A.B. asks: 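Before I ask anything, here is the structure I am working with.
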There are 2 protein chains.
Amino acid sequence: MTKAKFDREETINSAVELFWKNGFNGSSMQQVTKATGLKPGSIYLAFENKQGLYQEALDLYANKSLEGIQHQIDQAASPGEAICQILQEMVRTASEKNYNSCFLVKSQLELASENSELHAFANQKLQQIEALYAHNLTPEFGEDLANARAASIMFHIFGIRVYGYHKKSPDVLLRALQDGLPWLPWPDHA
Amino acid sequence: MTKAKFDREETINSAVELFWKNGFNGSSMQQVTKATGLKPGSIYLAFENKQGLYQEALDLYANKSLEGIQHQIDQAASPGEAICQILQEMVRTASEKNYNSCFLVKSQLELASENSELHAFANQKLQQIEALYAHNLTPEFGEDLANARAASIMFHIFGIRVYGYHKKSPDVLLRALQDGLPWLPWPDHA
DNA sequence: CGTCTGCTTGAATGATCATTCAAGAAACTA
DNA sequence: TAGTTTCTTGAATGATCATTCAAGCAGACG
């Protein structure tokens, strides 16, 4: 039972889980081997080193996010309504017991001054997300306003991602969102 | 030249600088000894361990922040104007070359699932800051509205603290702040 | 069948980690 | 002055870290 290359995506998924929870410096490669069931040799052959695996983890996480956002927008009656749903879901997530913020945001903060490559990668992925929102808002608002509003959405998402740890009522978050993003089609009384 | 207890605050200040930049797991006690000029024995006698020193670093940083906020409010014509100044200063800081977010925010994210004591401590300090804003807004808005608006301020501060890494024009940040906090007395054309 | 290639194995390596503690030196006590 | 207390010193410790690599195995190729 050798050969039979391991399932790469499954492995990266395990790495996402671990790194997301504990961060780059808070996760050891020994933990990675335990989480993935692989031996060091296999991991190092496939990903070169810890940074390589971390970057692929960031990449997979970000691409899933991008797909999820586009999917939600495609399903909804309008991009605005989809965005409301996405933000409300984030607020709901933030109230869960083991809330864990966002892998990209956490990485961006942790690696700001220590690993500029991974920091830049996370940054780039966050800007891709912003660009996706801008792209979907452009038909309705025109490019300039869409860009400004996408930036505003990202700004508010970051607010949720940190304020979520305060464990106050979700109403506080929802209210801040509705006040700060009044141009979104919020459901009444929500 | 022994005895003569070292300057505790100066030491903690060096620790703040190091921990703020590199985080808890990204900073070693060897780095601490280099940064403070103290030997391990002195540090461990005075702070018990790495966590103890880190907590005192958080405490000093937070107390300085609290004092700074109150001082700015006391100097200004109104709490609202002081808050505008504080937020504008944060935006300015975020555009600097070696922007480093906020020590409390970074700690809160890094230590969420690994060190619940330090995580809780950072959380508590952030809530103290929120309470200080609420306290200063209460005379003008009444307690309920002041609480809601203090929460909204914190929410926006977190947005700055993460979005700041994107290195876009400060106008984007300022615009998001003015849109999200329209009840603040923003200077015209700013 | 024999060889080659591609993947896995897992013990080993040297570096670095947080922390300890015996030894020593200044200041205070009496 | 002699003794005690308080603080500093810095080499040492064992754990854990990221990473390496010789050895072995399974399928592909001829």
Side-chain angles (χ1 to χ4, degrees), chain A residues 1-58 106-107 110-111 113-119 121, chain B residues 1-58 106-107 110-111 113-119 121:
Chain A
M1 216 248 289
T2 34
K3 194 80 183 268
K5 212 172 153 184
F6 63 85
D7 183 326
R8 193 175 178 91
E9 180 159 335
E10 195 182 324
T11 297
I12 301 175
N13 263 323
S14 302
V16 167
E17 199 180 336
L18 180 71
F19 286 141
W20 184 1
K21 187 161 172 258
N22 301 329
F24 183 82
N25 289 304
S27 312
S28 73
M29 290 304 280
Q30 271 87 344
Q31 286 179 290
V32 169
T33 63
K34 197 166 273 184
T36 61
L38 295 172
K39 305 295 163 188
S42 297
I43 294 172
Y44 277 82
L45 186 71
F47 302 101
E48 184 152 356
N49 53 27
K50 189 181 183 183
Q51 171 170 334
L53 176 59
Y54 197 93
Q55 177 158 327
E56 294 221 27
L58 285 174
K106 288 182 76 170
S107 300
E110 180 185 0
L111 303 168
S113 55
E114 183 204 346
N115 188 315
S116 52
E117 254 180 81
L118 288 176
H119 173 73
F121 190 80
Chain B
M1 215 249 290
T2 34
K3 195 77 183 275
K5 214 172 153 184
F6 62 84
D7 183 326
R8 193 174 179 92
E9 178 158 337
E10 195 182 325
T11 298
I12 302 176
N13 263 323
S14 303
V16 167
E17 198 179 337
L18 180 71
F19 286 141
W20 184 3
K21 187 163 172 254
N22 300 328
F24 183 82
N25 289 305
S27 311
S28 72
M29 290 305 279
Q30 270 87 342
Q31 286 178 291
V32 170
T33 62
K34 197 166 273 183
T36 62
L38 295 173
K39 306 295 163 185
S42 297
I43 295 172
Y44 277 81
L45 185 72
F47 302 102
E48 184 154 357
N49 53 27
K50 188 181 184 184
Q51 172 170 335
L53 177 58
Y54 197 93
Q55 176 159 329
E56 294 222 27
L58 285 174
K106 289 183 76 171
S107 300
E110 181 186 1
L111 303 168
S113 54
E114 183 204 344
N115 189 316
S116 51
E117 254 179 82
L118 288 175
H119 173 74
F121 190 81

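Because the structure is predicted, anything quoted here is derived from the model rather than measured. So that the names make sense, note that chain A is the first sequence line, chain B the second, and so on, each numbered from 1.
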A.B. asks: According to a strict under-4.0 Å criterion, is B:K39 in side-chain N/O contact with OP1 or OP2 of D:dG10?
C.D. replies: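 Yes, within the criterion.
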A.B. asks: Under 4.0 Å between any heavy atoms, over every strand shown, what does B:S27 touch: base, sugar-phosphate, or nothing? Just pick one.
C.D. replies: sugar-phosphate
A.B. asks: Once you round it to whole Å, what is the distance between P of C:dA18 and CG of B:N22?
C.D. replies: 12 Å
A.B. asks: In terms of the angle between their ring planes, are B:F47 and B:F6 parallel, tilted or perpendicular, with boundaries placed at 30° and 60°?
C.D. replies: tilted
A.B. asks: Where the side chain of B:L45 is concerned, which of C:dC17, C:dC7, D:dC7 is the nearest nucleotide?
C.D. replies: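 So the nucleotide nearest the side chain must be D:dC7.
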A.B. asks: Does A:Q31 reach the main-chain N or O of A:S28 with its side chain, forming a donor-acceptor pair under 3.5 Å?
C.D. replies: yes
A.B. asks: Tell me the interatomic distance from B:K5, atom NZ, to D:dT9, atom C1', rounded to whole angstroms.
C.D. replies: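 The distance from NZ of B:K5 to C1' of D:dT9 comes to 17 Å, rounded to the nearest Å.
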A.B. asks: Consider the side chain of B:M29, meaning its heavy atoms from C-beta on, and name the nucleotide among C:dC17, D:dA18, C:dT19 that approaches it most closely.
C.D. replies: C:dT19
A.B. asks: Given the rule in the side-chain contact (heavy atoms from CB on, under 4.5 Å) test, do B:F19 and B:L58 qualify, once you have shown the distances and angles that lead to the verdict?
C.D. replies: CA-CA 9 Å; B:F19 286 141; B:L58 285 174; over 6 Å; no
A.B. asks: Report yes if at least one side-chain N or O of B:Q30 is closer than 4.0 Å to OP1 or OP2 of C:dA18; otherwise report no.
C.D. replies: yes
A.B. asks: Quick one: on DNA chain D, does A:S42 or A:F24 contact a more 5' nucleotide (nearest heavy atom)?
C.D. replies: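 With A:S42 and A:F24 compared, the 5'-side residue is A:F24.
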A.B. asks: Out of C:dA18, C:dC7, C:dG10, which nucleotide sits closest to the side chain of B:K50?
C.D. replies: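 Looking only at side-chain atoms, B:K50 lies closest to C:dA18.
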A.B. asks: Should the ring pair B:Y54 and B:F24 be called parallel, tilted or perpendicular, given that the plane angle runs from 0 to 90° and is split at 30 and 60?
C.D. replies: perpendicular
A.B. asks: Give a yes or no on this: more than 12 heavy atoms of other residues, nucleotides or ligands lie within 6.0 Å of atom CD of B:E17.
C.D. replies: no
A.B. asks: May I have the distance from B:N25 (atom CG) to D:dT16 (atom P), rounded to whole angstrom?
C.D. replies: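 In whole Å, D:dT16 P and B:N25 CG are 15 Å from each other.
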A.B. asks: Whole angstrom is fine here: how far is it from CZ in A:R8 over to P in C:dT8?
C.D. replies: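 Rounding to the nearest Å, CZ of A:R8 and P of C:dT8 are 11 Å apart.
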A.B. asks: Among C:dT20, D:dT20, C:dC7, which nucleotide sits nearest the side chain of A:P40?
C.D. replies: D:dT20
A.B. asks: With heavy atoms under 4.0 Å as the rule, sort A:L38 into base, sugar-phosphate or nothing.
C.D. replies: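 Touches nothing.
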A.B. asks: What nucleotide, of C:dT8, D:dT8, D:dA18, holds the atom closest to the side chain of A:Y44?
C.D. replies: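 Closest nucleotide among those given: D:dA18.
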A.B. asks: Using whole Å, report how far CD1 of B:I43 lies from P of C:dT20.
C.D. replies: 13 Å
